[in-house]
Amino acid sequence: MARLLDVENLTLQFDTDEGRITAVDDVSFTLEAGEVMGLVGESGSGKSVTAKSVMKLNPSNAHYGEKTKIKLHLEDGTVDIMSLKKPKELQVIRGGAISLIFQEPMASFAPAITIGDQMVEQLMIHTSMNAKQSKELSIEMLDRVGISDPSSRFKQYAFELSGGMRQRAMIAMALSTKPKLLIADEPTTALDVTIQAQVIDLMKDLVTEFGMGIVFITHDLGVIAQTADTVAVMYLGRIIEKGKVRDVIRNPAHPYTRGLLAALPSLDDLDTPLQAIPGDIPSPLERPAGCVFNTRCTEKVGDICMAQIPDFFNVSDGHSAACHLHNKGAAS
Amino acid sequence: MSSDILIKARDLSVHYPLSGGGLFGPKPVVKATEGVNIDIEKGSFFGLVGESGSGKTTLGRALLKAAPITRGTIEYNDGEAAYDVSKLDAKQLKDYRSRSQLIFQDPYAALSPRMTVRDIIAEPLEVMGLTSSREETDERVREIAQKCRLNLEHLRRFPHAFSGGQRQRISIARALVSRPQFVVADESVAALDVSIQADVLNLLKEIQQEMGVTFLFISHDLSVVAHVCDHIAVMYLGRLVETAPTRELFAAPRHPYTKALLSAIPSLDPDDRGKAQKLEGEIPSPTNPPPGCKFQTRCPNAIDKCRVDEPMLEHSSTGHEVACHRWEELMD
């Protein structure tokens with residue numbers, strides 16, 4: 001597989017009334033073409049802003065770290081996303097090579113413009129198609145995502161569609177420009193389970209068909225297990241564990257990932273009481289020194305956890321965790 | 001065994017009038033819940049599951065007399081007081097309000113930002129006149145705060161200083177301070193992160209066991225319900241379709257909808273992909289429900305009878321009741 005995306009040392013801070021807060025801290029990951037990477041974390045872990053950075057979609061009070069590098073490898077060359085400034089330049093990625101699906105499909109369609117007009121508009125901007133071709137492709141895409149009677153849906157407004165239908169239309173719109181990279185930010189969270197199952201199936205089919213890379217953001221480890229190839233777990237702005245989905249879910253190496261899995265109610269075992277991770281997620285204004293998880297960790301090695309940010313240590317092939325527990329060299 | 005029934009609802013229906021409608025003929029209504037029979041045992045943790053629009057919230061509110069009851073009866077009997085909740089006079093209603101309480105979904109919206117935590121928790125006592133002096137109120141507030149694992153110093157602060165999990169504990173303390181017999185928890189953990197959710201669920205369970213409170217736990221998340229509840233009722237489009245003891249329901253679900261709901265939960269096992277039985281389509285609009293069985297539009301096993309004849313919840317001595325014409329033949 002060919003490399004599609006390199007994110008290196010992404011650091012992102014926001015200026016707020018209460019001071020400058022760090023939302024993402026030195027995050028690096030890569031994505032191959034055709035790979036689905038799950039980005040998991042709880043609220044405030046920085047998973048959404050990480051993904052939005054790839055499209056430079058963060059608001060104007062955002063400051064990127066100096067060492068931040070985001071490179072998108074396309075067939076006709078590599079795009080250095082951090083160097084893009086003007087809206088015209090950003091068009092190459094926004095809606096062009098990269099599409100984004102938001103969590104709330106009601107809020108992501110303009111309420112006063114028909115679904116069809118919105119789909120045609122973006123095709124006219126990002127492709128060389130004319131209005132007629134755009135319309136044909138849009139209706140075809142609506143059909144592809146399982147919307148019945150696509151030509152009459154094309155003329156409807158977002159409020160006339162149900163939640164599941166809107167999310168399908170959103171997916172159709174995002175894929176109609178044939179993006180190389182799709183960022184899906186909690187695309188199934190607002191949906192009921194039976195509809196969620198349909199949308200997950202649909203997305204899996206489309207990956208096979210279009211072969212793009214997907215960054216799939218969710219807080220639901222079950223959804224990740226069902227969709228992703230690799231997974232990165234985030235906590236308080238840092239990636240703390242990454243690897244293949246099977247490895248991370250079966251043999252979680254970081255105490256946070258372990259805690260997260262133990263806190264998840266499982267249907268296979270109704271007898272074991274749920275184990276909560278003690279304490280609360282610290283406010284981003286009070287980021288702990290050392291390992292960010294040290295305020296809640298039950299497996300602390302010692303003072304080093306409070307003082308030094310752990311590096312990534314390999315647990316198995318392609319599976320690593322940022323935790324001093326796995327620093328075999330230092331133990332001696 | 002205590003098989004005292006705390007709440008016994010018969011033919012409980014809540015219809016909301018729709019605007020518009022012709023000059024002649026009946027006003028159109030939404031049948032949010034229709035013909036529900038439900039028995040909630042004293043001291044139990046009763047789960048109510050369904051997708052959005054299934055009427056679970058309306059049913060919960062009707063049991064609290066917080067929704068207009070169109071038809072049917074609700075017998076309430078906690079040993080000290082007994083009423084028909086659908087026909088309470090003003091004095092009885094006031095008493096019933098102190099015996100029954102509601103915990104909301106969103107801990108960010110449910111607490112007034114202008115009141116201290118102490119005042120928030122004390123408000124029910126003051127409004128209902130349950131205590132005779134400020135000292136007594138403070139005593140009750142401190143007692144319940146401790147049970148809900150809130151520090152006494154927290155009581156002086158305002159809600160904005162708390163995280164989601166802490167806020168939900170404050171909401172719980174407020175609901176319990178009047179020492180209710182019956183508490184409706186409406187999606188009380190849906191807004192919380194997984195690591196916090198487990199903590200709140202464990203707290204609710206503890207309270208149920210220690211204080212003997214009967215809970216109606218409304219949720220869309222079957223795996224959460226499976227872990228805390230001892231009896232579960234499944235709703236679809238305003239009807240109860242199946243009710244059973246938790247283990248029974250998960251071991252041998254009878255209604256096709258329950259089966260589909262169970263298999264739609266994303267499995268944590270990455271090798272278990274795509275085996276699930278997927279439901280087609282979406283929940284129909286309650287303004288225009290299909291004739292016959294309400295599930296027939298999506299049911300993989302629907303026959304002609306299902307399209308005409310609405311199945312009733314069959315009474316059974318085992319407590320496992322189902323509303324489906326074909327459940328017996330579909331069991332093997």
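Since the structure is predicted, the reported quantities are computational estimates derived from the model, not experimental observations.
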Does any backbone or side-chain atom of [X] lie under 4.5 Å from a heavy atom of chain A? Answer side chain, backbone, both or neither.
{"X": "B:Asp199", "result": "both"}
{"X": "B:Leu268", "result": "both"}
{"X": "B:Ser163", "result": "side chain"}
{"X": "B:Gln197", "result": "side chain"}
{"X": "B:Asp221", "result": "neither"}

Fill in: A:Asp149 atom CG: more than 12 heavy-atom contacts under 6.0 Å
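Enclosed.
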If I measure from the heavy atoms of chain B, does [X] come under 4.5 Å with its side chain, its backbone, both, or neither?
{"X": "A:Ser283", "result": "neither"}
{"X": "A:Gln196", "result": "side chain"}
{"X": "A:Leu261", "result": "side chain"}
{"X": "A:Ile249", "result": "side chain"}
{"X": "A:Ala228", "result": "backbone"}

Are any of the side-chain nitrogens in [X] or [Y] under 4.0 Å away from the carboxylate oxygens of its partner?
{"X": "A:Arg144", "Y": "A:Glu209", "answer": "yes"}
{"X": "A:Arg250", "Y": "B:Asp269", "answer": "yes"}
{"X": "A:Asp280", "Y": "A:Arg296", "answer": "no"}
{"X": "B:Glu206", "Y": "B:Arg149", "answer": "yes"}

Worksheet item: Angle class for the B:Phe217/B:Phe45 ring planes (parallel below 30°, perpendicular above 60°, tilted otherwise)?
Response: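 Because their plane-to-plane angle lies in the 30° to 60° range, the rings of B:Phe217 and B:Phe45 count as tilted.
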Fill in: Aromatic centroids of B:His255 and B:Tyr236 separated by under 6.0 Å
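No.
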Worksheet item: Between B:Thr258, B:Asn301, B:Val322, which is the residue that forms a side-chain contact (heavy atoms from CB on, under 4.5 Å) with B:Trp327?
Response: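 When side-chain contact (heavy atoms from CB on, under 4.5 Å) is applied between B:Trp327 and each of B:Thr258, B:Asn301, B:Val322, only B:Val322 qualifies.
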Item to complete: Heavy atoms only, distances under 4.5 angstrom: which of B:Gly164, B:Gly53, B:Ser285, B:Gly281 has the most pairs with chain A? Name it, please.
Response: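 The candidate making the most pairs under 4.5 Å is B:Gly281.
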Worksheet item: When only pairs under 4.5 Å are counted, which of B:Glu282, B:His220, B:Arg298 shares the most heavy-atom pairs with chain A?
Response: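 The option with the most such pairs is B:Glu282.
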